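Encoded as structure tokens, the structure appears first; notes follow it.
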Amino acid sequence: MFSLSRSRLSSRVLATSKSTQRRQIPGPGHLHTSEASGPGTSNYTAKKSSWSSPTILLLGFIPIFTFALGTWQLQRLQWKINLIDELEEKLQRDAISLPKRINVSLIPEFAFRRVLLQGHWDHAHAMLLGPRVRDGTHGYHVITPLLRTDGSTVLVDRGFISKDFSDNYARGEEGEVQILGMLRTSHKRNSFTPDNQPAEGKWYWADIDSMAESAGGEATGVQPVFVEQIFEGHAGDAAAYLSKGIPVGRSATVDVRNAHLSYVVTWYSLSAFTAAMLARVILKRRAQPGRPMPR
């Protein structure tokens with residue numbers, strides 16, 4: 001009796017165990033459904049690349065902006081060429097004599113015009129402008145007031161001297177002199193040029209109004225008119241003058257700087273380069289419409 005009951009109990013336990021195992025092991029259909037509905041596959045949607053990313057916007061803006069700058073510099077180049085042609089045409093005209101009273105407001109219209117001056121040097125009010133460099137030699141420009149025969153006074157840049165003669169340069173004739181010069185306007189001071197110190201006799205840039213005031217001003221008939229003396233000799237004469245401390249004037253040429261062509265090339269090249277980069281990025285994104293599925 002006891003053996004029969006024990007046998008029946010073992011049969012029930014074994015049957016229960018097999019039933020549990022069948023419920024725990026999924027069938028092929030259940031495995032397929034689980035994989036198909038898992039979060040890693042059918043629920044994933046590929047994210048498309050955005051065309052409004054900062055990189056695309058920046059690469060799209062730079063070519064347009066730099067192309068506009070190149071076009072603006074091209075217009076500036078044409079303007080500067082016309083200006084230089086106009087100044088060179090003025091320089092080729094016959095020299096003129098300045099009136100006793102000069103209308104300062106009209107000087108820009110006569111800039112680079114050759115003028116004839118006659119009078120006496122006022123060495124007592126001479127100034128050194130600089131430092132400057134000429135053909136590798138460091139020195140200064142000598143600015144001397146010229147007392148004209150009509151009683152008025154103008155400022156004359158007599159030319160360059162070596163710094164070795166800054167204290168004992170050749171003052172020139174004591175009597176009446178006649179010079180050929182070029183009418184100029186005030187120099188433009190850049191941010192790296194120090195302030196002039198008239199009280200100490202230090203002049204770093206040609207501030208014509210301050211120089212005229214330092215030479216006596218309106219009270220003594222000094223007008224804020226600036227003339228650069230023209231040197232008509234050759235290179236050998238200039239070297240001989242420099243070795244003797246004699247100021248060497250400037251050549252009769254237009255020295256207006258024109259670097260706009262290099263700016264045109266720079267901006268247009270940058271525009272083309274960034275446009276090529278933009279095209280490359282666009283083609284790359286078209287070839288890869290979405291991000292790969294993460295693993």
Side-chain angles (χ1 to χ4, degrees), residues 48-93 96 103-115 129-136 141 157 181-196 204-209 224-228 230 250-291:
K48 295 183 178 180
S49 299
S50 175
W51 291 98
S52 60
S53 65
T55 302
I56 294 293
L57 294 177
L58 182 62
L59 288 178
F61 172 75
I62 293 179
I64 299 174
F65 180 68
T66 52
F67 184 84
L69 287 177
T71 303
W72 174 63
Q73 286 296 333
L74 188 62
Q75 296 172 351
R76 293 279 296 174
L77 173 63
Q78 187 59 49
W79 167 80
K80 184 61 71 68
I81 291 175
N82 294 336
L83 174 62
I84 293 175
D85 290 341
E86 179 184 351
L87 295 178
E88 288 181 345
E89 189 273 332
K90 287 182 179 181
L91 191 58
Q92 299 303 320
R93 297 178 185 177
I96 60 176
N103 189 347
V104 179
S105 62
L106 296 178
I107 289 180
E109 299 180 15
F110 290 87
F112 287 91
R113 282 295 304 268
R114 294 190 297 168
V115 295
L129 177 65
R132 296 290 188 270
V133 179
R134 179 188 174 112
D135 297 332
H141 279 243
D157 181 352
M182 183 187 303
L183 195 61
R184 295 300 304 271
T185 56
S186 288
H187 296 173
K188 291 184 178 180
R189 176 195 174 197
N190 59 43
S191 57
F192 301 100
T193 304
D195 293 328
N196 290 327
Y204 301 101
W205 60 287
D207 183 353
I208 298 177
D209 292 331
V225 178
F226 194 69
V227 176
E228 294 179 344
I230 295 175
R250 60 161 299 157
S251 59
T253 58
V254 176
D255 56 357
V256 177
R257 184 173 179 267
N258 185 10
H260 294 289
L261 180 59
S262 63
Y263 300 151
V264 170
V265 174
T266 299
W267 290 124
Y268 277 156
S269 299
L270 185 58
S271 178
F273 177 73
T274 51
M277 290 181 60
L278 175 63
R280 182 179 179 183
V281 171
I282 292 176
L283 292 176
K284 185 176 180 180
R285 292 208 172 192
R286 284 184 176 179
Q288 300 176 356
R291 296 179 182 175

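Quantities reported herein were computed from a predicted structural model and do not represent experimental measurements.
Contacts of R76 classified as side-chain contact (heavy atoms from CB on, under 4.5 Å), with partners at least two apart in sequence or in another chain: W72, Q73, W79, H260. With sequence neighbours excluded, the residues forming a side-chain contact (heavy atoms from CB on, under 4.5 Å) with E89 are R93, listed by chain and number. For the ring pair (Phe, Tyr, Trp, His ring centres under 6.0 Å) test, no residue two or more places apart in sequence or in another chain qualifies with F112. Residues satisfying the side-chain contact (heavy atoms from CB on, under 4.5 Å) criterion with P131, sequence neighbours excluded, are Y140, Y204.
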Residue pair F110, V115: steps toward the side chain to side chain contact (heavy atoms under 4.5 Å, CB included) verdict: CA-CA 10 Å; F110 290 87; V115 295; over 6 Å; no

Worked check of side-chain hydrogen bond (donor to acceptor under 3.5 Å, both in side chains) between N82 and E86: CA-CA 6 Å; N82 294 336; E86 179 184 351; over 6 Å; no

Verdict with supporting geometry, V225 and L183, side chain to side chain contact (heavy atoms under 4.5 Å, CB included): CA-CA 8 Å; V225 178; L183 195 61; 3.7 Å; yes

For a quick test of your reading: what N or O donor-acceptor pairs under 3.5 Å do the side chains of residues 62-70 make, sequence neighbours left out?
| from | atom 1 | to | atom 2 | distance (Å) |
| --- | --- | --- | --- | --- |
| T66 | OG1 | I62 | O | 2.7 |
| T66 | OG1 | P63 | O | 3.2 |
| T66 | OG1 | S271 | N | 3.4 |

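Between E88 and D85, the closest side-chain pair of non-hydrogen atoms falls below 4.5 Å.
The two residues T253 and M182 come nearest to each other via the heavy atoms O-CE, 4.1 Å. In terms of heavy atoms, P224 sits closest to I107 at O-CD1, 4.2 Å. When all heavy atoms of A252 and L91 are compared, the pair lying nearest together is O-CD2, 3.2 Å.
In this structure, CZ on R189 lies 9.5 Å from CG on D207, to the nearest 0.5 angstrom. Interatomic distance, D157 CG to I230 CD1, rounded to the nearest 0.5 Å: 11.5 Å. Here T193 contributes atom OG1 and N190 contributes atom CG; the two are 3.5 Å apart, rounded to the nearest 0.5 Å. Note that OH of Y263 and CG of N258 are 9.5 Å apart. Values are rounded to the nearest 0.5 Å. Distance check, rounded to the nearest 0.5 Å: CG of L77 to CG of L261 gives 6.0 Å.
Counting only residues at least two apart or on different chains, the salt bridge (Lys or Arg N to Asp or Glu O under 4.0 Å) pairs with a member in residues 252-262 are R184-D255, R250-D255.
One N or O on the side chain of K90 and one on the backbone of E109 form a donor-acceptor pair closer than 3.5 Å.
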